[in-house]
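For reference, the structure discussed in these notes is given below.
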Amino acid sequence: MNYFEIHKIRYGWFEVCFAPHGNESGWLLNSDYLGCDAPALFLGALADMLEGKSHEEWLCWQDEPGAAVLRLELCGNDILVGIYYSDKDSLELPFSGSELAHEAKELAYRGTFEARRILDDIIVQFGLYEDGNGLKLYNKNWGDFPVKEYQRLKKCAEKVNKALGKYDKMFCFSY
């Protein structure tokens, strides 16, 4: 069962889904219209939490003209995900930061995921676009692949899973 999936990268749009095959799914769509690199911010926010720099992150996913606010929280061995609708247009919101908590109006999705499992899915999904034709598609339809953030997250994921299994560069973890 997948906990995270990159659904589409096309013509300046980036779409992801949490729990894509569950009873309830959380969808996020971001446009590159305002220059918000939500995928890079997402990977960086996860790495920040796993490195102990924060326990909670707020990110704006900019639709046109609306916006969704993504809340990530690290609670022990779990990552809590909340997706909220905002009353404001994405043009009026910062790309990230705790001030987005005040803009999170209506809860659209809530999920709790075991950190090592959702990290595995996130790393595998982004890994499909790290090189080759995947990288060409990513760069053509979105922008530069977030190499720095992706590598940081992979290192963090390795530490999370160190006691639980062997690290595998292709699939991140093996169980």
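Given the structure is predicted, the values throughout are model-derived calculations rather than measurements.
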Query raised in the report: CG of Asn77: more than 12 outside heavy atoms within 6.0 angstrom?
Result: no
Query raised in the report: Taking the six-membered ring where the residue is Trp, are the ring centres of Tyr150 and Tyr129 under 6.0 Å apart?
Result: no
Report task. Run the numbers on Gln62 and Tyr33 for side chain to side chain contact (heavy atoms under 4.5 Å, CB included), then give the verdict. Result -> CA-CA 8 Å; Gln62 300 184 329; Tyr33 172 67; over 6 Å; no
Query - Side-chain (Asn30) to main-chain (Cys36) donor-acceptor, under 3.5 angstrom - result: yes
Query raised in the report: How many angstroms lie between atom CG of Leu29 and atom CD of Glu15, to the nearest 0.5 angstrom?
Result: 5.0 Å
Query raised in the report: How about Gln151 and Glu130: do any of their side-chain heavy atoms sit closer than 4.5 Å?
Result: yes
Query raised in the report: Does Tyr109 share a hydrophobic cluster with Trp61, counting links as ILVMFWY side-chain heavy atoms below 4.5 Å and allowing steps through other members?
Result: yes
Report task. Measure the CD-CD distance between Glu92 and Glu103 for me, rounded to the nearest 0.5 Å. Result -> 8.5 Å
Report task. Taking Asn139 for its side chain and Phe145 for its backbone only, find out whether a donor-acceptor pair lies under 3.5 Å. Result -> yes
Query raised in the report: Which of parallel (below 30°), tilted (30 to 60°) and perpendicular (above 60°) describes Phe42 and Phe18?
Result: perpendicular
Query - Non-hydrogen atoms of Ala157 and Ile123 that approach each other most closely - result: CB-CD1, 3.3 Å
Query raised in the report: To the nearest 0.5 Å, how far apart are CD1 in Ile118 and CD in Gln125?
Result: 11.0 Å
Requested in this report: Decide if atom CZ of Phe95 counts as having more than 12 heavy atoms of other residues, nucleotides or ligands within a radius under 6.0 Å.
Outcome: yes
Query - Taking every non-hydrogen atom, the tightest pair across Trp58 and Ser98 - result: CD1-CA, 4.0 Å
Report summary line: Here the pair of heavy atoms bringing Cys60 nearest to Leu100 is N-CD1, 3.5 Å
**Report entry** Approximate separation, where rounding is to 0.5 Å, of Cys75 SG and Glu56 CD
**Finding:** 9.0 Å
Query - Neighbour count above 12 (heavy atom, 6.0 Å) for Glu99 CD - result: yes
Query raised in the report: Is a donor on one side and an acceptor on the other found under 3.5 Å between the side chain of Lys105 and the backbone of His102?
Result: yes
Query raised in the report: Where do Leu107 and Gly82 come nearest, in terms of heavy atoms and distance?
Result: CD1-CA, 4.5 Å
Requested in this report: Tell me whether Val69 is reachable from Leu46 by hopping between hydrophobic residues (I, L, V, M, F, W, Y) whose side-chain heavy atoms are closer than 4.5 Å.
Outcome: no
Report summary line: Nearest heavy-atom approach of Asp37 to Asp144 is OD2-O, 4.3 Å
Query raised in the report: Counting only N and O atoms by type, is there a donor-acceptor contact under 3.5 Å from the side chain of Ser31 to the main-chain atoms of Trp13?
Result: no
Requested in this report: Please answer: with hydrophobic residues joined when any side-chain heavy atoms are less than 4.5 Å apart, are Phe14 and Leu93 in the same cluster?
Outcome: no
Query raised in the report: Would a distance-only check, ignoring hydrogens and angles, find a side-chain to backbone donor-acceptor pair under 3.5 Å from Ser25 to Ala19?
Result: yes
Report summary line: Of Asp78, Leu80, Val81, the one forming a side-chain contact (heavy atoms from CB on, under 4.5 Å) with Phe113 is Val81
Report task. Flag yes if Leu153 and Leu135 sit in one hydrophobic cluster, no otherwise; membership is Ile, Leu, Val, Met, Phe, Trp, Tyr, and two members link when side-chain heavy atoms are under 4.5 Å apart. Result -> yes
Report task. Mind checking the CG-NZ spacing from Asn141 to Lys8? Nearest 0.5 Å is all I need. Result -> 12.0 Å
Query raised in the report: Is a side-chain donor or acceptor of Ser90 paired with a backbone partner of Asp63 at a separation under 3.5 angstrom?
Result: yes
Query raised in the report: Cluster question for you: counting only ILVMFWY and a side-chain heavy-atom cut-off of under 4.5 Å, with indirect links fine, are Leu41 and Leu43 together?
Result: yes
Query - Side-chain heavy-atom pair Leu50, Leu119 within 4.5 angstrom cut-off - result: yes
Query raised in the report: Would Arg152 and Asp48 count as a side chain to side chain contact (heavy atoms under 4.5 Å, CB included) if you check the C-alpha gap in whole Å, the side-chain angles of each, and the deciding distance to 0.1 Å?
Result: CA-CA 9 Å; Arg152 273 182 63 214; Asp48 284 348; 2.6 Å; yes
Query raised in the report: How long is the span from the CH2 atom in Trp27 to the SG atom in Cys17, to the nearest 0.5 Å?
Result: 4.0 Å
Query raised in the report: So which heavy atom on Glu51 is nearest to which on Cys156, and how close?
Result: CG-SG, 3.5 Å
